[in-house]
Amino acid sequence: MHISSLFKALLLITLLLSFQSWADDSYNPVKFKRDLRFQDPQFMWTTWDRVFKEDGGFFSNANVGDLERILEAHWADARKKNNLDLMIKAAIPLAMVYHNQAKFTHGLPFFEFLFEHEKQVPAYYWRHVLIKLEEEYRGKNEIEKAIPIRRLRIKLGFIKTFWEIYRECGLFEDALRDFIQFQPVPARGDYRRLFYLQRLGWLYTDLKNFKKARNIYSQGYREVAEVRAASKATYLPRELRYWEGLFKGLMAECDMELGNYTHAIPMLRFDIQSSLDNPDNQIGKEISLARAYLRRKSWESAKYYMDHARILMAQKVIPAVKLMMLDAYADYYAAQQQYDSAYFYNKALHAYRDTVNAHINRNKSILLLGQLELAKHREESLKNKHQVEVYSESSKLQEFKIKLLSLILGAIIFGSILLYVNFRQKGLLNQNRIQLDLEHERNAVLLKELHHRVKNNLQVIYSLLNLQKRRTKNIESVDLITALQNRIQTIALVHNNLFQSDEMEFVQLDSYVRTLVEHLQQMYAQEEVNPVQIYFDIQDSIKLRFERIGTLGLIINEIVSNAFKYAFVEAEQGILRIEIDQEGSQIRVIIEDNGPGLVDEINRNSNLGMRLIRILSEQMGATYTLHQSQGIKHLITFNV
């Protein structure tokens, strides 16, 4: 009797375990080991197709190891049978499983296979295939292949913006502008709004505006509660907990960039604990947590999280995270005085950073060379938006005219023909004035766009020269290319100022000169023995016309470049003073350094830069003189 009862108990336990393993929706990391039904391709596909629409993460994260092996077996069997339908049904989930682990090398061939067989792919998945195919091209720095996919997505109405493409190429300002103009803003309580706030925060982080980014992430964290209240029956608790952790972790990273490490560690730990279904986010936050521990000199904790992140990082392509990881290891070994290891990771960091920057510059050049097509897309989008606004205004104007005409006709029905003609003439004049105002506004927009395009085209040349400079070993050639880049940047700054300003013809001299000189200081900083102190005394009310400030900018570029190259080589503390003031219609520009140069020597050995200064001074009708003071003093005077 006792044995019989024990047998019944064991049988009941076995049945319960069996029931759990056969429950399709049970969130069980080892479910694929237990449930042999998934070995059947048709059952696998039917279950995937149903559950993916509700919770794609159920398949692609928690059960990833066993799921990969099963799907790889399905794919091999389908290829062996040469059955296209079975190949499609294996390729879709397998590609997405690889993609969600950032295994782009594995996943890309499957997405390209699905792209080639569009007609066989179920319509519901086509949007996802295009999104992930583009992301994989971008992840592998094949921007020339990603751009056509983005155009196709726009053509099909899946998306309206190029912001990810701009971001991938390092054009963060263009990315932010495109995102704000064309990315729809979901309503509060909508799950998609969390994605919107995350991406907006990314862009401000890219621009190093960490305070603004933190405010956006903080808003996202607060709005998770609104999504939870509005969508209780739609999204699983673990999904919303992930978003809470994500926004907390992003806030912590902003705090670290702002120098506040006090609360970063617990916030990052909360994010990591909430990201067990998202290993990519977990890796990035573990590296950030390691950096925080390095700051606190908690070496063991820092090393633990770096090593764990490194294990999770295997076979993944995440350049930004890899850079963070190499940097953290270099700092760790330097702190441990293991200088051989620190040197190894520093060398690897700089080599990989050069590779990433080379890819970015290449992508930027490809994108900018195709800028006309992107500009056409932007123009068409803005034109459609503008046409709607103009049509609305035109309708209101027509309605107003009809009412006015009715009143006029009623008032002059018994009046003279002369008054009627007079009113008609006034109406025509008013219409002409409105037409002129609209034409003026249109011309202003076109002129701004022209300045923007010229700036971008100059940036293309600048980037191409940068690529050439990286391949050039000859020092003289590098110096020549750098000088050309500075002259191009000088002109590009003029067009950038005109594009950003509300004024069509004038540029504020103060901000222009400061930006130009700061750019030159960054270009020559690596050659300085000591940091150069720059003092500005520029009258802030001075504005110059476009053609005048371009010429003056080239003159200032040559003078300041020569100062950085020659004046401060032997100086203990380089000092550069720039003074610009206006008296009446005359403007005076003084640029003075404390270098060892002599006026007579400069005049005898006049190089290309000095010849350009004199030629450009003559072109703008300016008087240019050299004086000996503590160093060399350049004086330029001209009439506005």
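If you're wondering where the values come from, they're calculated on a predicted model, not measured in any experiment.
Salt-bridge check for Asp77 with Lys80: failed, with every basic side-chain N at 4.0 Å or more from each acidic carboxylate O. At a threshold of 4.0 Å, the pair Arg199-Glu164 does not count as salt-bridged, since none of the basic side-chain nitrogens sits closer than that to a carboxylate oxygen. The pair Glu136-Lys145 does not count as a salt bridge, with every side-chain nitrogen at least 4.0 angstrom from each carboxylate oxygen. Look at Lys248 and Glu244 and you find no salt bridge, because none of the NZ, NE, NH1 or NH2 atoms lies under 4.0 Å from a carboxylate O.
Arg353 places no side-chain N or O within donor-acceptor distance of the main-chain N or O of Ala348, the cut-off being under 3.5 Å.
With sequence neighbours excluded, no residue forms a side-chain contact (heavy atoms from CB on, under 4.5 Å) with Asn215. Under the side chain to side chain donor-acceptor pair (under 3.5 Å) criterion, Lys303 pairs with Asp307, not counting sequence neighbours.
Between Trp202 and Trp163, the two ring planes are tilted [angle within 30° to 60°]. Ring geometry for Phe247 versus Tyr217: interplanar angle of 30 to 60°, hence tilted. Taking the six-membered ring where the residue is Trp, Tyr329 and Tyr333 present parallel rings, their angle staying beneath 30° rather than reaching 60°.
With a 4.5 Å cut-off on side-chain heavy atoms, Phe111 and His99 count as touching. The shortest side-chain heavy-atom distance between Tyr352 and Leu326 falls under the 4.5 Å cut-off.
Taking the six-membered ring for Trp and the full ring otherwise, Phe113 and Trp75 have centroids separated by under 6.0 Å.
In summary, the side chains of Tyr343 and Gln338 do not present any donor paired with an acceptor at a separation below 3.5 Å, with no hydrogens or angles considered.
Taken from NE2 in His117 to CG in Leu84, the straight-line distance is 5.0 Å, to the nearest 0.5 Å.
Of the options Arg310, Met313, His308, Lys322, a side chain to side chain contact (heavy atoms under 4.5 Å, CB included) to Ile283 is made by Met313 and by none of the others.
Within the cation-pi definition used here (under 6.0 Å to the ring centroid, within 45° of the axis), Lys212 qualifies as a partner of Tyr204.
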Please list every donor-acceptor pair under 3.5 Å in which a side-chain atom of residues 264-276 meets a protein atom from a residue at least two apart or in another chain.
{"unit_1": "Arg269", "atom_1": "NH1", "unit_2": "Tyr293", "atom_2": "OH", "d": "3.4"}
{"unit_1": "Arg269", "atom_1": "NH1", "unit_2": "Tyr305", "atom_2": "OH", "d": "3.0"}
{"unit_1": "Asp271", "atom_1": "OD1", "unit_2": "Leu246", "atom_2": "N", "d": "3.4"}
{"unit_1": "Asp271", "atom_1": "OD1", "unit_2": "Ser275", "atom_2": "OG", "d": "3.1"}
{"unit_1": "Asp271", "atom_1": "OD1", "unit_2": "Asn281", "atom_2": "ND2", "d": "3.1"}
{"unit_1": "Asp271", "atom_1": "OD2", "unit_2": "Lys285", "atom_2": "NZ", "d": "2.5"}
{"unit_1": "Ser274", "atom_1": "OG", "unit_2": "Phe270", "atom_2": "O", "d": "2.8"}
{"unit_1": "Ser275", "atom_1": "OG", "unit_2": "Asp271", "atom_2": "O", "d": "2.7"}
{"unit_1": "Ser275", "atom_1": "OG", "unit_2": "Asn281", "atom_2": "ND2", "d": "2.7"}

